[in-house]
Amino acid sequence: MSETALKAPGAADPGRWKALVFIALAQLMVVLDSTIVNIALPSAQQDLGISDGNRQWVVTAYALAFGGLLLFGGRIADLWGRKRTFVTGLAGFAAASALGGAATNEAMMFGSRALQGAFGALLAPAALSLLAVMFTDARERAKAFGIYGAIAGGGAAVGLILGGFLTEYLDWRWTFFVNIPFAVIAAAGAWFVVREPEGSRNRSALDIPGVILSTLGLVALVYGFTRAESEGWGEGVTIGMFVASAVLLIAFVLVEAKVKAPLLPLRVVTDRNRGGVYLSLGLAIIAMFGLFLFLTYYLQVVKGYSPVKTGFAFLPMVAGMITGSTQIGTRLLTRVPPRLLMGPGFLVAAVGMLLLTQLEINTSYAGVLLPGMLLLGLGMGTAFMPAMSMATQGVRPQDAGVASAMVNTSQQVGGAIGTALLNTIAASATTSYITDHIGSATSRSQQQLVQLEGMVQGYTSAIWFAVGILVVAAAIALTFVNAGRPNMSAVTESGEGAEGEVRVPVIAH
């Protein structure tokens with residue numbers, strides 16, 4: 001087929017690989033920010049006089065704005081144009097980061113974090129949906145999503161290293177300022193390189209009731225889990241948030257089923273393959289976020305690692321993710337059905353988690369932590385890559401933004417659930433262990449030892465739950481995701497389908 005024949009909507013853009021560089025850079029910035037700020041939090045709290053009771057809002061303000069506005073951000077990308085939304089999101093994120101770095105009190109800090117979350121909710125779905133509409137050839141799509149998946153999985157650990165360096169050797173404010181060059185380079189590059197395919201916008205009127213219901217419902221859900229972590233699951237406001245979230249999200253689904261131009265067309269989530277991807281990915285993130293938190297505390301509190309050394313300790317997991325995503329996932333996605341990468345990938349990650357249940361105070365890094373993190377990274381990278389690709393595979397180009405937003409929503413909600421749920425399990429096990437053993441500790445040093453042992457006992461108890469969650473994620477991926485490998489003979493077809501749909505690679509069953 002000639003190059004001319006491919007200049008229809010959905011045709012391959014000659015600058016797509018250059019565009020991928022800037023899209024990946026923006027994704028790296030967003031993922032880095034999720035951990036880099038955590039490293040800087042103790043220093044920022046001291047400098048700005050933030051109380052212990054309020055410090056959680058540095059994280060919570062971002063999570064609420066980001067999680068609550070993702071679907072809206074995805075729809076704006078479909079309506080307004082993904083390139084324009086992407087560049088706007090980058091500019092806003094950079095401005096909010098500058099405000100955070102220059103913060104002189106807690107109000108400025110919380111406000112800047114909420115703004116970062118809001119612009120991140122524009123940026124993240126726009127980035128993923130640009131990949132979805134620019135890379136339609138099955139082999140190229142596999143490579144592009146392999147790179148994107150590796151960054152999405154490994155960037156958080158890189159954030160620990162960068163955050164540790166900046167906090168130790170410069171100042172906590174640089175953990176905010178560092179976003180500015182990332183954003184400027186990505187925005188400038190995207191402005192000149194990205195060419196969004198024609199005919200892929202959704203110009204239907206904005207579904208205002210859907211925006212209000214989804215935003216309030218997701219904010220209530222994320223805040224409910226965040227509050228459960230600090231105040232307990234039985235606390236009145238926590239229960240009220242969960243009830244409100246359920247009512248709002250049920251109302252949202254009912255509205256979306258009836259309105260002419262829904263914010264989230266139900267066909268996006270009721271598709272068997274995409275539904276399976278969203279669910280299994282959300283579960284995997286629950287397991288991974290909880291573990292990430294526990295290992296950070298284990299290395300710093302129990303083993304006495306510095307923030308920089310802790311970051312470097314996570315590098316094997318990053319290496320595993322990059323290998324799994326770019327070497328295993330990318331090479332096999334066009335040869336085997338996605339479920340045969342996702343299911344085994346989650347199981348390999350579960351084996352890595354299983355090794356980490358053996359943690360004790362004096363556990364050898366090389367003997368347990370290193371192989372455990374390698375397997376975890378390898379499995380997650382192998383599974384994430386096809387999951388990212390399948391989440392937007394086959395959707396109408398007009399729905400690419402909201403389909404991408406659903407990926408980010410499942411990750412964000414999964415992260416909130418993982419942090420709250422596994423933290424609660426760990427805290428309960430720690431309290432139980434200390435209560436049972438503290439009576440036999442006669443000296444102060446013995447009491448401190450019991451407390452550390454209790455802490456590790458709590459971590460391993462929670463990691464056992466994470467193992468089980470990953471096994472369930474694998475079962476869902478193997479059961480629900482029934483798409484075959486991409487049909488390579490059909491990947492170059494392009495043209496207008498029903499209702500203006502542009503064809504994408506055909507999935508063989």
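The model shown is predicted, which means the values in this text are computed figures rather than measured ones.
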Exercise for the section: For F177, enumerate each residue passing the ring pair (Phe, Tyr, Trp, His ring centres under 6.0 Å) test, keeping only those at least two apart in sequence or located in another chain. Expected result: W174

Handout entry: Residues in side chain to side chain contact (heavy atoms under 4.5 Å, CB included) contact with L115, at least two apart in sequence or another chain
Key = A96, L99, F119

Exercise for the section: Please list, chain by chain and in numerical order, all residues satisfying ring pair (Phe, Tyr, Trp, His ring centres under 6.0 Å) with F294, sequence neighbours excluded. Expected result: Y459

Problem - Listed partners of T479 passing side-chain hydrogen bond (donor to acceptor under 3.5 Å, both in side chains), at least two apart - result: none

Fill in the blank from the handout: For F66, the ring pair (Phe, Tyr, Trp, His ring centres under 6.0 Å) test, sequence neighbours excluded, returns Y62

Problem - side-chain hydrogen bond (donor to acceptor under 3.5 Å, both in side chains) against W233, all qualifying residues, sequence neighbours excluded - result: T424

Exercise for the section: Sort and list the pairs that fulfil side chain to side chain donor-acceptor pair (under 3.5 Å) and have at least one residue in residues 236-258, not counting sequence neighbours. Expected result: E235-T238

Problem - Test side chain to side chain contact (heavy atoms under 4.5 Å, CB included) applied to P209 - qualifying residues, sequence neighbours left out - result: D207, V255

Fill in the blank from the handout: When every non-hydrogen atom of A65 is compared with those of A114, the smallest separation belongs to CB-O, 3.3 Å

Please output the side-chain donor-acceptor pairs of residues 278-292 that fall under 3.5 Å, not counting sequence neighbours, one pair per line with the distance.
from : atom 1 : to   : atom 2 : distance (Å)
Y278 : OH     : A391 : O      : 3.3
Y278 : OH     : A403 : O      : 3.2
S280 : OG     : G276 : O      : 2.9
S280 : OG     : V277 : O      : 3.3

Problem - Pairs flagged by salt bridge (Lys or Arg N to Asp or Glu O under 4.0 Å) wherever residues 107-129 is involved - sequence neighbours left out - result: D33-R113

Exercise for the section: Could you list the residues that satisfy side chain to side chain contact (heavy atoms under 4.5 Å, CB included) with I185, not counting sequence neighbours? Expected result: F22, L25

Handout entry: Residues in ring pair (Phe, Tyr, Trp, His ring centres under 6.0 Å) contact with Y223, at least two apart in sequence or another chain
Key = W57

